[in-house]
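We count ligands from 1, going down the list as the structure has it; atoms in each ligand are counted the same way. In this text, all values refer to a predicted model and were calculated from it rather than measured experimentally.
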Amino acid sequence: MIKKILIANRGEIAVRIIKACRESGIISVAVYSDADRNSLHVRLADEAYHIGNSPASESYLNIEKIINVSKEIKADAIHPGYGFLSENYNFIKAVEDSGLVFIGPSSNSVRMMGDKTSARKLMREHNVPIVPGTTTPITSLNAGLAEAEKIGYPVLLKASAGGGGKGMKKVLNSSEFDSAFQSAQREAIKAFGSSDVYIEKYIENPKHIEVQIIADKHGNYAHLFERDCSVQRRHQKVIEEAPSTFLDDNLRKRLTNSAIDAAKACGYYNAGTIEFLVDKNKNYYFLEMNTRLQVEHPVTELITGIDLVKEQIRIADNRKLSFKQNELKIHGHAIECRVYAEDVDNNFAPSTGHIKLHRRPDGIGIRVDTGIDPFSNISVFYDPLLTKLISFGKTRAEAIERMKRALGEYKIAGVLTNIAALRWVLKQSAFLDGSFDINFVEKYWLPLLPNKWKGEDAQEYEEAASVLSALLKSSSMEINPDSIKTEKNKWSNNHE
Ligand code: ADP
């Protein structure tokens, strides 16, 4: 029986897992680096242990240290969250070998799905449709050119070990192939230590739709419907929602059946996500499987009522799923906005600094999954995701209105954020009528940069400054109010 869990992560997802532990009567243990000494997850956990220097390679990615600490403090299990070591075969194998419980799939399933080309091959063998292309890495320039010719341009070069959109290059014709191939290989080796690159047909204007699946160790599989994650910047998701307005019952049935087939193909247990591209003609193609909890899991929790983290713990504890497929129904609509510390006008460059003001939205239909509070430090060392704002409504329209309200109420000072940009997205007709695809940001957002947004949004700035000075009056902290930056200049309500 799992009584104590070490959370090998930080930020909002560590906080999310701590909450599930607390509700389950399980002791939560945080680990932290130098930069995270005063972070929210450290303060909220029942116990917290320092594991190293600020760079992730010296702390959150230190396999030996994390396993040693888990053993020393007598944790029963490790929850990896997402990112960091969550999909690292060596880590999961080491956890299994140490006798600790890994809250996630087996190392074997992770290995089978970790390499994109072998995953594609496996899917084809199990009749899950894949994007046309190769199922082995390209061995030479000529072989690559021949494959691209066969598939038909445009094609996409992708890193076999890929993730985070790295090593991905679109190629429009054969004259671009050579330089794109070399640059994809360079990026792949830098990011993943392997230069293996393969080719996929470039699907024009698709939607990114993924299926949440879950399975226990007793052979019970279920899906928790789909999420539409088509609003992306640089191939990374920004807004996700469930359900997708694009699916009819027939397509939903085929997609979810394929997702279950994919999970069975790798003997999967625990929570996982199968990602698909769906084209305008409603053909769908397997992209990859994420063998872990997904950032956007809350929208699924809200429309199904299932707590995915508690379910993960239950499965790791060898218990059966707490529900049956036919008990699940889609209730209402949920939307998640990822609030990043970034400068949207400057190619989304991360923004760092001390959080000087953090006024969270609340009220009916709003969930805030955050890793920050006032005086948190946003450093260069980690992903700039600050908060996930999630709204729920009886209908999509209600969820959108609630999200717009929540984004309006949300005030962060000390770093630049994308809050105003997110609000702008929610007002665009292509978002409102559901016609958007993965190129939404390129089509509608980027053409407006950089000059459209000149001119201070004085009101937002003034408001943040006055809340801050009221705060300062009741504390002895010395902060120069002039130093606060809100998303002034950017994406204000006046520019629609
Ligand atoms: P990563 O693992 O690096 O995130 P994915 O394979 O999951 O890469 O793809 C990320 C995003 O890149 C997709 O959501 C989609 O926007 C785009 N993409 C990937 N493959 C294709 C493709 N074959 N055609 C068009 N867009 C693609």
Side-chain angles (χ1 to χ4, degrees), residues 82-83 86-88 110 113-124 128-135 137-138 147-148 150-172 180 183-185 187-194 196-212 226-241 244 246 255 259 262 272-281 283-292 294-296 338 348 383 385 436-443 445-446:
Y82 54 71
S86 60
E87 292 179 284
N88 182 310
V110 170
M113 286 300 190
D115 178 272
K116 289 195 174 188
T117 46
S118 14
R120 281 164 58 76
K121 192 155 171 278
L122 185 70
M123 292 303 99
R124 204 177 49 192
V128 176
I130 59 173
V131 182
T134 60
T135 50
I138 308 164
E147 282 294 345
K150 210 160 76 189
I151 297 162
Y153 289 97
V155 296
L156 202 59
L157 293 170
K158 293 171 92 170
S160 304
K166 291 188 190 113
M168 210 184 279
K169 298 281 165 215
K170 183 178 175 185
V171 192
L172 295 178
S183 129
Q185 282 185 318
E187 246 180 61
I189 193 124
K190 196 163 151 230
F192 313 112
S194 155
D196 283 355
V197 164
Y198 69 102
I199 311 183
E200 273 182 12
K201 171 95 188 135
Y202 183 82
I203 309 290
E204 301 282 356
N205 303 322
K207 283 194 170 266
H208 174 120
I209 296 180
E210 57 187 33
V211 177
Q212 176 72 56
E226 78 282 356
R227 294 182 284 259
D228 187 327
C229 313
S230 304
V231 181
Q232 305 181 346
R233 54 128 175 74
R234 287 189 290 167
H235 301 307
Q236 294 301 296
K237 301 159 190 166
V238 190
I239 299 180
E240 303 97 343
E241 62 182 301
S244 166
F246 193 63
L255 211 55
T273 294
I274 326 292
E275 297 187 333
F276 297 97
L277 289 181
V278 185
D279 72 16
K280 290 277 176 279
N281 300 320
N283 300 307
Y284 66 90
Y285 309 95
F286 168 87
L287 257 192
E288 66 168 343
M289 179 168 188
N290 291 135
T291 51
R292 54 167 163 83
Q294 199 91 330
V295 177
E296 56 272 21
R338 298 191 188 189
F348 311 102
D383 186 89
L385 178 65
F436 60 98
D437 57 51
I438 61 165
N439 298 311
F440 178 88
V441 168
E442 281 76 12
K443 262 192 228 160
W445 176 336
L446 295 186

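Counting heavy atoms from C-beta outward, Gln294 and Glu275 have side chains that approach closer than 4.5 Å. Under the 4.5 Å side-chain criterion, counting only non-hydrogen atoms from C-beta, His208 is in contact with Leu287. Put simply, the side chain of Lys237 reaches to within 4.5 Å of the side chain of Glu210, judged on heavy atoms. Taking 4.5 Å as the limit, some side-chain heavy atom of Val441 sits within range of a side-chain heavy atom of Phe348. When side chains are defined from C-beta on, Leu122 does not count as touching Met289, because their heavy atoms never get closer than 4.5 Å. Thr273 has its side chain within reach of Arg227: a pair of non-hydrogen atoms, C-beta onward, lies under 4.5 Å apart.
Of all the atoms in ligand 1, the ones that sit under 4.0 Å from a non-hydrogen atom of Met168 are 3 (O), 8 (O), 9 (O), 10 (C), 12 (O). Applying the 4.0 Å criterion to heavy atoms of Lys158 picks out, from ligand 1, the atoms 6 (O), 19 (C), 20 (N).
Nearest-heavy-atom check against atom 22 (C) of ligand 1 across Ile130, Val131, Leu277 picks out Leu277.
Counting heavy atoms under 4.0 Å from ligand 1, residue Ile203 touches it through both backbone and side chain. Contact annotation for Lys201 and ligand 1: only backbone heavy atoms (N, CA, C, O) come within less than 4.0 Å of the ligand.
Nearest non-hydrogen protein atom to atom 7 (O) of ligand 1 is Glu288 OE2, 2.8 Å. For atom 16 (O) of ligand 1, the closest non-hydrogen atom of the protein is Gln232 OE1, 2.7 Å.
For the pair Leu287 and ligand 1, the shortest N or O to N or O distance does not fall below 3.5 Å. On a distance-only criterion, Gly165 and ligand 1 share at least one N/O pair closer than 3.5 Å.
In this structure, Glu204 does not count as a contact residue of ligand 1, since none of its heavy atoms falls inside 4.0 Å of the ligand. Between Lys116 and ligand 1 there is a heavy-atom distance shorter than 4.0 Å.
In this structure Ala259 satisfies the side-chain contact (heavy atoms from CB on, under 4.5 Å) test together with Val211, Ile213, Ile274, Phe276, sequence neighbours excluded.
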